[in-house]
Peer 1: 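The following block contains the structure, expressed as C-alpha cells.
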Amino acid sequence: MFRSVIFRLRVVHQHLSLLPRLRLTRTMSSSNQPTAGIIIIGDEILKGHVQDTNSHFLCGQLFQMGIRVEKIAVIGDDLEKVSSEIANFSSKYTHVVTSGGIGPTHDDITYKGVALAFKEELALNDELVTLCKRFFGAEHSLQSPQMKMAFIPESAKLHYGFDPESGEKNMYPVITVRNVVVFPGIPKLLQKDFNLLRKTLFRESNITFHYREIFLACDEISVAEILNEFNSKYKDCIQLGCYPDLLNSYFKVKISLECQDGAKLAEAHKELLSMLPSEKVVEYEKDPVKNASSKVYNLLQSTTQPELITPLSKAVKTLEEALDKYKLDEICVGFNGGKDCTILVHLFFAVVQKKYGDNIPGNLQALYIEGKPTFKQQEMFITETFSRYNLKPVIIHGRIKDGLKEMQISHPHVKAVIMGTRRSDPFSEHLEAFCMTDPDWPPFMRVNPILEWTYQEVWALLRALQVPYCLLYDQGYTSLGSRTNTAPNPALRFVDKYGNARYKPAYQLTDGTRERTGRTKSISEIVEK
C-alpha cells in the first residue's frame with residue numbers, strides 16, 4: 001500500500017512540474033470574431049443533484065458557428081448574483097446565453113435577474129398571458145404561479161422559430177434582452193430551441209475554426225518537451241491542447257491543434273507528426289459503431305493483417321446466413337459484457353448495418369442473463385453497450401436453461417440466439433456453427449459465429465476494429481466470471497520500477513491456454529460467452 005501511494009505521488013509531482021512548461025498560449029482571438037459567455041443557473045447543479053449537459057452542447061454548437069465561448073459560469077438561485085453575472089457577461093461578450101431558472105416556482109428567477117441586470121422592470125406580456133392560459137387553464141389569476149412566466153423584462157423580444165419539416169410554429173418562445181438569450185434548463189427543450197433559432201439569435205462568424213487531432217499511446221510526460229518546442233514555434237497561430245485519458249483502451253493522450261488558417265494548420269500538423277514518436281501515434285476511430293460495417297468489410301480485404309481474414313470471414317458468413325434464415329426480430333444476441341460477446345455484438349451490428357443500411361427494421365435484441373454478482377465496471381459497460389448499439393435488452397434471471405424457458409414465454413417470436421461460444425469453452429467440443437439446443441432444453445437455434453476463434457484472434461480483432469470493451473480487461477482480467485470467483489490473471493502480473501505489483505492488459509497474454517487462470521471455481525460453471 002505504501003509503495004502504491006509513493007508511486008501515485010511521484011506521478012502527480014511529475015505532472016505538476018510540467019504545468020508551467022505545458023501552458024499553451026492562446027493567440028488566435030480577433031476583434032471581428034464573435035464571442036459568447038454561458039451562464040448555467042440552478043442550485044441543483046452546484047449541489048450535484050443534476051448534471052449539467054447544456055454547457056457541453058452549447059459550446060459544441062457555438063464552436064461550429066465560429067463563435068468562441070470565452071467563459072462558463074455556474075451560479076445558484078440568488079437574484080443578486082444572477083443579475084450581476086448577466087450584466088458582467090453582457091459587457092464582455094458578443095452573446096450571453098443563460099440556461100435554467102425559468103418556470104412558475106419561487107426559485108425561477110432568471111427573468112427577474114435579466115431585468116435587474118439592465119435596470120428594467122418585469123412587465124406583463126399579453127402574448128405570453130394567452131400562452132400560459134392555454135397551457136395552464138384560463139381560470140388562474142395574473143398573480144398565480146401559473147402566470148409567472150408571462151412577466152418578462154420590459155425590452156424583451158419573443159422568438160418562436162419554426163419546425164423546418166412541418167413549418168409549425170414553436171409552442172413557446174425564447175426571450176432575448178439586448179445580447180442575452182434566455183434558454184430553458186431542460187436539455188431537450190434547450191437543444192430544440194437552439195436548433196430552431198440558431199440562425200436568428202446568433203451572429204454566425206465568417207471565421208472558420210480548422211481543427212486536427214493526434215492520438216498517442218503514451219503519457220503526456222513523455223512528449224512534453226516535443227510539445228513545448230512545437231508550441232514555441234507556432235504559438236502565434238496555432239492553439240495547442242494536450243488531454244490525457246487514463247481510461248481509454250486505445251490511446252492515452254489526445255493532442256488538439258486549432259487554427260483559422262487551414263493551410264497553416266495542415267503544415268503544422270504534418271510537422272508535429274514528424275516530431276512525435278511514430279510508433280506511439282494511434283489511428284484512432286472515434287466512432288467505431290457508426291463505421292462498423294465499412295471497417296469490418298474493409299478488413300476482409302486487408303493486406304496488412306491477412307491473418308485476421310480467415311476467422312473474420314467465417315464469423316461474417318455465419319452471421320449473414322443467420323440473417324438469411326431468420327427475421328431480425330427472431331434473433332437475439334447473447335451479451336454479458338465479456339470480450340467474446342463484445343466482439344460478437346459489434347460484428348452482428350456491422351452485418352446488420354451492411355444488409356439494411358440506414359433502414360434497420362427495429363432495434364437489435366440482446367439477451368442478458370442476470371444472476372451472478374458482477375463487477376461494477378462490467379455493469380456500467382453493459383449499460384453503455386446497450387446504448388452504444390441501440391440494443392433492446394431481453395433481461396432474464398437465474399441459470400441459462402431456466403432463463404431460456406422464461407424467454408420462450410416472454411419473447412415467443414425469438415427463434416435463434418447468437419452466442420459468443422468458442423471451441424475452448426467447457427462442453428463446446430460437439431458444437432457447430434448452427435445447432436439446436438439439447439432435447440431437454442427450450443428449443444432455440446444456437447448460432448456460434450466465433451466458434452473456431454482463438455483467444456489471440458478475439459483480441460486481435462477487437463483491437464483492429466477498435467471496439468470498446470470492459471475496462472477490467474485493461475487491469476489484468478482475462479476471463480470474467482462472477483465478482484466472487486474472478487481475479488486478475490497471475491500470468492500478467494509484473495513489478496514496475498517502483499516496486500509495485502501491476503498487471504498487463506488482457507490482450508498481452510500470449511498463452512491462450514491460461515485464459516481462465518484468474519478464475520477460481522469449477523470449470524463446470526457456465527462461463528463467459
Side-chain angles (χ1 to χ4, degrees), residues 51 53 56-57 60 187-188 191 213 215 243 245-252 254 282-299 312 315-316 319 322-323 328-329 331-370 374-396 417-420 449-450 458-475 477 480 505-507 528-529:
Q51 184 175 7
T53 59
H56 178 266
F57 169 81
K188 185 176 181 180
Q191 293 175 24
E213 293 174 327
F215 298 92
Y243 310 100
D245 189 332
L246 302 181
L247 298 179
N248 194 284
S249 298
Y250 297 99
F251 73 89
K252 297 305 176 188
K254 180 181 80 170
V282 177
E283 293 293 330
Y284 181 61
E285 177 60 68
K286 296 179 70 173
D287 193 348
V289 175
K290 179 181 178 181
N291 302 314
S293 179
S294 61
K295 293 281 285 188
V296 166
Y297 282 87
N298 286 342
L299 190 56
L312 181 59
V316 168
L319 290 168
L323 285 172
L328 195 58
D329 65 353
I331 300 175
C332 207
V333 58
F335 184 73
N336 71 348
K339 61 186 178 300
D340 298 335
C341 56
T342 296
I343 186 64
L344 186 64
V345 164
H346 189 79
L347 293 182
F348 183 48
F349 182 87
V351 173
V352 169
Q353 197 178 54
K354 174 73 171 178
K355 179 170 182 175
Y356 294 103
D358 296 330
N359 301 309
I360 299 175
N363 297 347
L364 278 62
Q365 299 176 106
L367 172 62
Y368 175 49
I369 301 176
E370 287 186 329
T374 55
F375 293 90
K376 184 177 295 185
Q377 298 95 321
Q378 189 176 359
E379 293 173 357
M380 290 176 60
F381 175 69
I382 289 169
T383 301
E384 290 167 358
T385 302
F386 285 156
S387 174
R388 184 177 292 119
Y389 294 91
N390 198 24
L391 301 176
K392 180 180 179 181
V394 178
I395 300 175
I396 57 181
V417 180
I418 300 175
M419 307 292 289
I450 64 171
V458 170
W459 277 112
L461 281 155
L462 274 169
R463 294 189 63 81
L465 296 167
Q466 296 191 356
V467 179
Y469 55 81
C470 181
L471 290 176
L472 290 171
Y473 288 115
D474 286 335
Q475 299 169 15
Y477 292 82
L480 300 183
Y507 62 85
E528 154 200 9
K529 297 291 183 278

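This structure is a prediction, so every number in the text was calculated from the model and none was measured.
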Peer 1: As an exercise, state the distance from CD1 of Ile331 to CG of Leu323, rounded to the nearest 0.5 Å.
Peer 2: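 Answer rounded to 0.5 Å: 4.5 Å.
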Peer 1: Look at the rings of Phe381 and Phe335 and say which category their plane angle falls in: under 30° parallel, 30 to 60° tilted, over 60° perpendicular.
Peer 2: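 Aromatic pair Phe381/Phe335 classed tilted.
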Peer 1: With Asn248, which residues qualify under side chain to side chain donor-acceptor pair (under 3.5 Å), at least two apart?
Peer 2: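 In terms of side chain to side chain donor-acceptor pair (under 3.5 Å), with neighbours along the sequence ignored, Asn248 is linked to Tyr284.
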Peer 1: From the options His346, Glu384, Arg388, select the one residue that forms a side-chain contact (heavy atoms from CB on, under 4.5 Å) with Pro468.
Peer 2: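 Of the listed residues His346, Glu384, Arg388, the side-chain contact (heavy atoms from CB on, under 4.5 Å) partner of Pro468 is Arg388.
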Peer 1: Is it true that, when you exclude Lys355 itself, more than 12 heavy atoms of the residues, nucleotides or ligands shown sit nearer than 6.0 Å to its NZ?
Peer 2: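 More than 12 within 6.0 Å, yes.
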Peer 1: Does a side-chain heavy-atom distance below 4.5 Å link Thr342 with Leu344?
Peer 2: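 They are not in contact (no side-chain heavy atoms under 4.5 Å apart), so the answer is no.
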Peer 1: Does the Gln466 side chain pair with the main chain of Glu283, one donor and one acceptor, at a distance under 3.5 Å?
Peer 2: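 Answer holds: yes.
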Peer 1: Between Tyr507 and Val458 (side chain of the first, backbone of the second, donor and acceptor by atom type, cut-off under 3.5 Å), is there such a pair?
Peer 2: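 The answer is no, because no donor-acceptor pair under 3.5 Å joins these two groups.
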Peer 1: Just verifying a value: how many Å separate Phe349 CZ and Leu391 CG, rounded to the nearest 0.5 Å?
Peer 2: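 Reported to 0.5 Å precision, the distance equals 8.5 Å.
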Peer 1: Is there a side-chain contact between Leu347 and Leu312 in this structure, where contact means two heavy atoms from C-beta onward sitting under 4.5 Å apart?
Peer 2: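 Yes, side chains in contact.
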Peer 1: Shortest non-hydrogen contact from Lys252 to Leu246?
Peer 2: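 Scanning both residues completely, I find the closest heavy atoms to be NZ-O, 4.1 Å.
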Peer 1: Please name the pair of heavy atoms, one in Asp340 and one in Gly420, separated by the smallest distance, quoted to 0.1 Å.
Peer 2: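 Heavy atoms of Asp340 and Gly420 come nearest at CB-O, 3.4 Å.
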Peer 1: Return the minimal non-hydrogen interatomic distance between Gln353 and Ser293, and the atom names on each side.
Peer 2: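 Minimum heavy-atom contact is OE1-N, 2.7 Å.
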Peer 1: Centroid separation under 6.0 Å, is that true for the rings of Tyr477 and Phe375?
Peer 2: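 Close enough - the centres of the two rings lie under 6.0 Å apart.
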Peer 1: Would you call Leu367 and Ile396 a side-chain contact if the rule is heavy atoms closer than 4.5 Å?
Peer 2: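 Counting from C-beta outward, Leu367 and Ile396 do come under 4.5 Å.
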Peer 1: For Val316 versus Tyr297, what's the shortest heavy-atom pair and its separation?
Peer 2: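 Where Val316 meets Tyr297 most closely, the heavy atoms are CG1-OH, 3.5 Å.
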Peer 1: Do you know which two heavy atoms are closest between Asp474 and Pro505, and how far apart they sit?
Peer 2: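 Reported closest heavy-atom pair: OD1-CB, 3.8 Å.
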